[in-house]
Every structure is written in structure tokens, then in C-alpha cells.
Amino acid sequence: MSQISAKAVKDLRDKTGVGMMDCKKALEETQGDMQKAIEYLRKKGAALAAKRADREASEGVIEIRIDDAAKTGVILEVNCETDFVARGEDFTGFAASLADLALANGSTTRDEILAASIGDEKVDDAIKAMTGKLGEKIDVKRIGVLKTESGVIASYLHPGAQLGAIIEMAVAPSQDSEELARDMAMQVAAAAPIVVDRSKVPSDYIEKEKEIYRQQALSQGKPEQFVDKIITGRLEKYYQEVALLEQAFIKDSNMKVQGVLDDYAKTHDTEISVAGFVRYQLGE
């Protein structure tokens, strides 16, 4: 077998990003053929991805992209196995490229982005190659997309990229409305509402809460005739926690979110409402 030069090993590393020892082995296994060595490493990455498919990948990053017109927003969770890899340039750069791709090609589901092409390969294959390079399971866990024709899309990504939100506001675009929309996205990220208003809370959630409150009241020895009133009171507090419009505004706890929107509408003589939001927290 011919001697593998250090330059060949370096060239293969520059092309693939894989470690020097793995590059040297790939060249040895393929008799120094660069293209065959690249294919060897890709197959090795796919094999490692298959082997690690059942591993838990709960570290990673949240990525967000908003187009220049503020009409489309994408939020993406990309996972790996350890915080060490999650903070590395290879992983963060790869996650960023997936977010760019999702916004550019209009991917709206996990399957769509996995089937999309990044460079000269499918994202699914690129993930396998990245798994081979980093030695950890890499996965696109979920993707959320919001679009508007006449409103505003805004976002908030918390430092550390483990928590973020995008929001769609039904309001005429302006510097003021975009600033308010960003505040609302921060509200969603920080206060973790599950719906815009109480009418959207799923009925099974409400029934579950009622049963919890009933059992709590009875276990505390509350008289049966007062239990329904207790449930009603606690449900009101529940709505104030999970319905965005009823939450205390994070920038002024004396105001409700609905009040902030009402003030904006009055000051700007316009209509404004929250059309929807998506909130991701790493590992949820």
C-alpha cells in the first residue's frame, strides 16, 4: 500500500471536516483515492447515524429566521447529544444553515426539510455525515412556520439559543408595530402561554384542571357546596397563566397584554390582534 501523504490527509479533512485519523484511515482503505475516501466517510457517517438512532438527543439549539419583509418566520429545533457539541462551531453552523434553508425553500414540516437539498446532498444525508463527523446523533426535532400577507411577523431568541418564539400580528406594518410585535414575541418566550385567548384552550385541558382543583379542594376538607366556586376561581387564574391576552405584560406587570394592544390601537387609531405564535424551548 502506497504511503498516504500528510497533504492528502489535510486535503480530505478540509473537504469533509472529519478528524485527521479518520481521514488517514479512509485514504488507506481506498488506496489514496480522494473521491472514494469521501464516499467511505459518508458511509461511515450513515452507519454511525443508524447505530446512534436510539440515543437521546436533547441538547442543541433553537434557530429563528424572519424574511426581510417580515412576512414569513421560521423556528427550528436542532438537537445533538451533549452541550459540548451544541456549543461547537460545526454544530451551530450546521443548524444555522438548516434554518436558512427552511426559510429559503419554504419548508413547513420536518419531513420537508429532511427531503430538501443542502449543497449537493439531501438534508437527511447531510445529517448522517454530520453525525459521522461529530460522533453524536444529530436530529431536526421540529419546525414551526408563520406567514402573513398584510400583518407583521416578529421573533425573540433568548441568549444561549435554547428558548425562542415567533409571532404573527394582524396589524399594519410600521416601525412601531414591529417593535410591539417583538415585545409580544418576548412575552411568549418568557411567559409560555399555550393559546392566544381563553376560548382556544382545549376542552380536555380544562376538564383536567377542573378535576385537579376538585380533588385538591376535597382533600383540604372544603365543603362540597363550595367546591364549584373554588374551581371557578382557580380556573380564572389558570386562564391568566396560559392565555396570552390575559397575562401580565412582562414590561409592565400592572398591565395585561390585551391592555397593551388596546392602548396601541387607540394611540395609532388602528386595529391590532395576535393571529398566532410558536414557542420552542430546547428539550420540551
Side-chain angles (χ1 to χ4, degrees), residues 52-66 72-88 91-92 94-103 107-114 123-124 127 130-131 134 136-147 153-168 181-198 200-209 212 237-248 250 257 274-284:
R52 303 188 76 85
D54 293 332
R55 296 291 292 267
E56 181 180 354
S58 57
E59 296 293 338
V61 293
I62 305 297
E63 288 282 346
I64 293 177
R65 295 293 183 274
I66 307 292
T72 301
V74 175
I75 183 168
L76 191 72
E77 180 175 350
V78 185
N79 295 134
C80 58
E81 295 179 33
T82 66
D83 179 61
F84 176 78
V85 165
R87 291 184 282 108
F91 177 80
T92 56
F94 183 63
S97 68
L98 293 181
D100 291 339
L101 175 65
L103 179 63
S107 296
T108 59
T109 67
R110 179 177 180 274
D111 287 343
E112 285 179 1
I113 194 168
L114 291 179
V123 169
D124 195 33
I127 288 174
M130 187 59 62
T131 294
L134 299 178
E136 290 193 9
K137 177 181 178 180
I138 308 298
D139 187 31
V140 176
K141 181 177 181 179
R142 50 184 171 167
I143 179 174
V145 179
L146 291 176
K147 295 183 179 182
I153 303 291
S155 67
Y156 173 77
L157 184 62
H158 194 68
Q162 296 189 351
L163 169 66
I166 56 176
I167 194 166
E168 177 187 353
R182 285 191 291 272
D183 284 346
M184 291 296 116
M186 185 185 298
Q187 174 81 30
V188 169
I194 62 172
V195 293
V196 174
D197 63 72
R198 66 169 64 190
K200 302 296 192 303
V201 179
S203 58
D204 58 323
Y205 282 36
I206 297 173
E207 293 306 314
K208 180 180 178 181
E209 291 300 315
I212 291 172
K237 291 183 179 179
Y238 173 71
Y239 288 134
Q240 292 169 22
E241 292 174 358
V242 303
L244 172 63
L245 299 182
E246 299 187 38
Q247 290 181 334
I250 58 171
V257 170
V274 179
F277 62 80
V278 182
R279 177 187 185 273
Y280 284 171
Q281 184 162 3
L282 187 70
E284 280 188 344

If you look at every heavy atom in [X] and [Y], which pair is closest and at what distance?
| X | Y | value |
| --- | --- | --- |
| F91 | V61 | CE2-CG2, 3.9 Å |
| I250 | A190 | CG2-CB, 4.3 Å |
| Y156 | I64 | O-CD1, 3.5 Å |
| I138 | M130 | CG1-CG, 4.1 Å |
| A95 | L76 | O-CD2, 4.4 Å |
| F277 | L146 | CA-CD1, 3.9 Å |

Quick one: does [X]'s side chain get under 4.5 Å of [Y]'s, heavy atoms only?
| X | Y | value |
| --- | --- | --- |
| L282 | E59 | yes |
| K200 | D197 | yes |
| Y205 | V242 | no |
| L163 | I62 | no |

Is a donor on one side and an acceptor on the other found under 3.5 Å between the side chain of [X] and the backbone of [Y]?
| X | Y | value |
| --- | --- | --- |
| Q187 | A248 | yes |
| Q247 | V257 | no |
| R65 | A99 | no |
| R279 | A189 | yes |
| K141 | E284 | yes |

Task: Reported CD-to-CG distance for the pair E63 and L157, which is rounded to 0.5 angstrom - done: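 Between atom CD of E63 and atom CG of L157 there are 7.5 Å.
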
Task: From S107 atom OG to I143 atom CD1, the distance as rounded to the nearest 0.5 Å - done: 5.5 Å

Open item on the list: Closer than 4.0 angstrom, basic N to acidic O: yes or no for K137 and E81?
Closed with: no

- [ ] Using the test side chain to side chain donor-acceptor pair (under 3.5 Å), find all partners of E209 that sit at least two apart in sequence or belong to another chain.
- [x] Y213

TODO: Would you mind listing every salt bridge (charged side-chain N to carboxylate O under 4.0 Å, His left out) that reaches into residues 182-192, with sequence neighbours excluded?
DONE: D183-K251

Open item on the list: Looking only at side-chain N and O atoms, does S203 offer a donor or acceptor that is under 3.5 Å from a partner on E207?
Closed with: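 Distance-only check fails for E207 and S203.
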
